[in-house]
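See structure below.
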Amino acid sequence: MLQLTYIREKKDEAIERLAIKNFDAKPILEQVLELDNDRRKTQNELDAILNEANVLAKQVGELYKAGKKAEGDDLKNKSAALKESSKKLEEQLASIEKQQHTLLVQVPNTPSTKVPKGKTPEDNENVYQEGEIPKLPEGSKPHWDLAAKYDLIDFELGVKLTGAGFPVYKGKMARLQRALINFFLDRATAAGYLEIQPPIMVNAASGYATGQLPDKEGQMYHSTIDDLYLIPTAEVPITNIYRDVILKAEQLPIKNCGYTPCFRREAGSYGAHVRGLNRLHQFDKVEIVQVAHPDKSYETLEDMRNYVAGLLRDLELPFRILKLCGGDMSFASALTYDFETYSAAQEKWLEVSSVSNFETFQSNRLKLRFKEGDGKPVLAHTLNGSALALPRIVATMLENNQTPEGIKVPKVLVPYCGFELIN
RNA sequence: GGAGAAAUGGCAGAGUGGUCGAUUGCGGCAGUCUUGAAAACUGUUGAAGGUAACACUUCCGGGGGUUCGAAUCCCUCUUUCUCCGCCA
């Protein structure tokens, strides 16, 4: 959610920047400001009346104490009249605030000045590429065929147990999943991230604070009996740790990481391009989250970008980094880097990580602030990134590393899984 | 799941209808003393809205109510603790 003071002071800048996200903010922001004027006017009126009522109430008390009952009763009647108008104004104020909030939550975050213009993924800027695109020999297979050939992943069994998009990993593949999770967590802790094991169900308040609710309600699995949601990413519980928190400036930056399964309903996305591991309802991911000082958050973003690049390098996967254009960015992000690995048998790039700076967009809703000395609390910046999501890494790994003898395991994972070859 | 108790500022903990945004202690910050530190002493120390700055308003777990007036009384929800039951 954008900050009201920002809209008030820099409306034109906000409109201009939101245009890069192809969002026409003018009408909605003007309405917000109009409501803001109403809000302040109403608040002032209400405050004046409440003040009068407070003064009267005190006087009534004093008069009764002094034994002047008749005069006290007189003031009481006066006070009762004030109450009616204050009640009316309170209702009015609440309604204005609600309208304003409804509008505000519809406005996406303003993109950073570094964000390229554009509408579709084709307009994303390819800022970096590394690693050789492997040339696979004749007869190479996509990962779903390899999974079947070596009995690694059973998609049909998942359908029997749960439904489509809930695969069953078996034997060496299950072990490899575990190895990847441990490898990612070890790397993150070595880089200074505190490991967190959060709940994988959250309440509605958490969903609202990180922005999954209300607009993406349909994307989450919802246990209606207890009104809890299965998390779509560890970002939700880990970021919500800092909901309604005022930190000290010295505590920044805060670096947390966590492994969780992630659940996504992904309603309405079916077809050939989601075959195999490409898109699942349940998958595993290690997430990194940082809370940063506003002056440092873009440095932090570059750190996180380099960190993720290092993971892919160590896994020996060819990858590229895209700076997302305005049209392809998420609602809440100010700047996003997407990481894609090249899946040689499918002959396409697969998104494996997304690293973003949200600036104050999340912290405004979270009320996540920090204090410098005796200063006023200031909103902190939040950032997060996948480091990494497993399924597409596995897909790329299986396809790119296939040999006639079997599938080679990257060296860094061998100590974690205890084998060099899947056959 | 059943019975009882509780929820107050960073923490501990007073406050049961009137001047309480709240006694006090600890912690934090500033100062005095000291070469410096500690100790001691003095002062200061929540958040939101609002204002040029004041003023003013709101907040004592959340929501609602009674009253001229609520941290204090009532209703309701949530959470925590104790006992019992069940259980990995």
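Throughout, a chain's letter reflects where its sequence line sits, starting with A, and its residues are numbered from 1.
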Quiz item: Within this structure, what is the CG-to-C1' distance between A:D226 and B:rU79, rounded to whole angstrom?
Solution: 15 Å
Quiz item: Which residue pairs pass the salt bridge (Lys or Arg N to Asp or Glu O under 4.0 Å) test with at least one member in residues 33-49 of chain A, sequence neighbours excluded?
Solution: A:R8-A:D36, A:D36-A:R39, A:D36-A:R40
Exercise. Not counting sequence neighbours, which residues clear ring pair (Phe, Tyr, Trp, His ring centres under 6.0 Å) with A:F331? List them please.
Key: A:F361
Exercise. Hunt down any stem RNA chain B takes part in, defined as 3 or more consecutive Watson-Crick or G-U pairs whose two distances are each under 3.5 Å.
Key: B:1-7 with B:78-84, B:10-12 with B:24-26, B:27-32 with B:40-45, B:46-49 with B:56-59, B:61-65 with B:73-77
Enumerate all atom pairs, one protein N or O and one N or O from nucleotides 85-88 of chain B, separated by less than 3.5 Å.
none

Quiz item: So, A:E30 and A:K11, do they make that salt bridge, N to O below 4.0 Å?
Solution: yes
Quiz item: Given the P atoms of B:rA5 and B:rC73, what is the spacing between them in whole Å?
Solution: 14 Å
Quiz item: Between A:E250 and A:K248, is there a side-chain N and carboxylate O pair less than 4.0 Å apart?
Solution: no
Practice problem: Would you please name every residue forming a ring pair (Phe, Tyr, Trp, His ring centres under 6.0 Å) with A:H101, sequence neighbours left out? | Solution: none
Quiz item: With sequence neighbours left out, what residues match A:F370 under ring pair (Phe, Tyr, Trp, His ring centres under 6.0 Å)?
Solution: A:H293
Quiz item: Between A:L368 (CG) and B:rA47 (C1'), how many Å, whole number?
Solution: 15 Å
Quiz prompt | C1' gap between B:rG15 and B:rA70, integer Å | solution = 13 Å
Quiz item: Is there any ring-ring contact (aromatic ring centres under 6.0 Å, His included) pair reaching into residues 21-75 of chain A, and which pairs are they, with sequence neighbours excluded?
Solution: none
Self-check item: Whether over 12 other heavy atoms sit under 6.0 Å from A:Q197 CD
Solution: no
Practice problem: Return the nearest nucleotide to the side chain of A:R39; candidates are B:rA47, B:rU19, B:rG49. | Solution: B:rG49
Quiz item: Sequence neighbours excluded, which residues qualify as ring pair (Phe, Tyr, Trp, His ring centres under 6.0 Å) partners of A:Y337?
Solution: none
Quiz item: Taking the P atom of each, how far is B:rG1 from B:rA12, in whole Å?
Solution: 28 Å
Exercise. Could you measure between the two C1' atoms, the one in B:rG21 and the one in B:rA47, and give it in whole Å?
Key: 11 Å
Quiz item: Can you tell me how far C1' in B:rC74 sits from the matching atom in B:rU57, rounded to whole Å?
Solution: 26 Å
Practice problem: Starting at atom NZ of A:K376, determine the distance to atom C1' of B:rA53, rounded to an integer number of angstrom. | Solution: 14 Å
Self-check item: Any pair counted as salt bridge (Lys or Arg N to Asp or Glu O under 4.0 Å), so long as it reaches residues 186-210 of chain A, sequence neighbours left out
Solution: A:R187-A:D314
Self-check item: Whole-Å gap separating P (B:rU45) and CD1 (A:I246)
Solution: 17 Å
Exercise. Output yes when at least one side-chain N/O atom of A:K371 is less than 4.0 Å from OP1 or OP2 of B:rG28, else no.
Key: no
Quiz item: Between atom CD in A:E372 and atom C1' in B:rC29, what is the gap in whole Å?
Solution: 15 Å
Quiz item: Base, backbone or nothing for each nucleotide of nucleotides 54-78 of chain B, written B, S, -, heavy atoms under 4.0 angstrom, 5' to 3'?
Solution: --SSS--------BBS---------
Quiz prompt | P atoms of B:rU23 and B:rG10, separation to the nearest Å | solution = 14 Å
Quiz prompt | B:rU58 and B:rG64, which share atom name P, separated by this distance in whole Å | solution = 15 Å
Quiz item: Over how many whole Å does the gap from A:E97 atom CD to B:rG49 atom P extend?
Solution: 11 Å
Quiz prompt | Pairs touching residues 13-22 of chain A that satisfy salt bridge (Lys or Arg N to Asp or Glu O under 4.0 Å), sequence neighbours left out | solution = A:E13-A:R17
Exercise. Return each pair, listed once, that meets salt bridge (Lys or Arg N to Asp or Glu O under 4.0 Å) where at least one residue sits in residues 324-335 of chain A; pairs must be two or more places apart or across chains.
Key: none
Quiz prompt | Distance between P atoms of B:rC20 and B:rA71 (Å, rounded) | solution = 12 Å
Quiz item: So does A:K88 pair up with A:E91, basic N to acidic O under 4.0 Å?
Solution: no
Practice problem: Round to the nearest Å and state the distance from A:D244 atom CG to B:rG10 atom C1'. | Solution: 15 Å
Quiz item: Just to confirm, is there a sub-4.0 Å distance from OP1 or OP2 of B:rA48 to any side-chain nitrogen or oxygen of A:K367?
Solution: no
Quiz item: Given B:rA47, is OP1 or OP2 found less than 4.0 Å from the side-chain N or O atoms of A:R369?
Solution: no
